[in-house]
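In this text, all values refer to a predicted model and were calculated from it rather than measured experimentally. Worth knowing before you read on, the calculation uses all heavy atoms, side chains too, and leaves out hydrogens, waters and symmetry mates.
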Amino acid sequence: MAYFNKCSNCGANLDPGETCDCIRDKRIKEYSTPISLIDYEKRVMKNKLRLIKN
């Protein structure tokens, strides 16, 4: 019997522990897109607040 997971985003069949390319590509695009300094500072502050809450 074959065991696999299904990507909740695109429905692709994945091996156990495998990350779907559609998710990985989205992360790469998100972090490689140039952003303004103001947007960067907003992200940093948001992450700091999230860390403080936890």
Side-chain angles (χ1 to χ4, degrees):
M1 178 198 279
Y3 176 74
F4 62 90
N5 296 318
K6 212 174 245 289
C7 176
S8 60
N9 192 35
C10 70
N13 294 329
L14 306 169
D15 293 328
E18 180 182 11
T19 302
C20 187
D21 291 338
C22 72
I23 296 170
R24 189 185 70 216
D25 292 344
K26 181 180 176 186
R27 287 182 193 155
I28 291 171
K29 183 178 179 183
E30 183 178 303
Y31 288 107
S32 63
T33 305
I35 59 172
S36 71
L37 183 58
I38 293 170
D39 289 339
Y40 174 77
E41 289 173 348
K42 285 179 184 177
R43 280 189 190 178
V44 169
M45 291 306 296
K46 183 178 177 183
N47 287 334
K48 283 183 180 179
L49 291 175
R50 190 183 71 205
L51 291 172
I52 292 170
K53 287 181 182 179
N54 293 333

Excluding sequence neighbours, so at least two apart, what forms side-chain hydrogen bond (donor to acceptor under 3.5 Å, both in side chains) with Asn13? none
Looking at every non-hydrogen atom in both residues, tell me the closest pair between Asn9 and Cys22 and how far apart they are. ND2-SG, 3.3 Å
Residue list, side chain to side chain contact (heavy atoms under 4.5 Å, CB included) with Glu18, at least two apart or on another chain: Leu14, Asp15
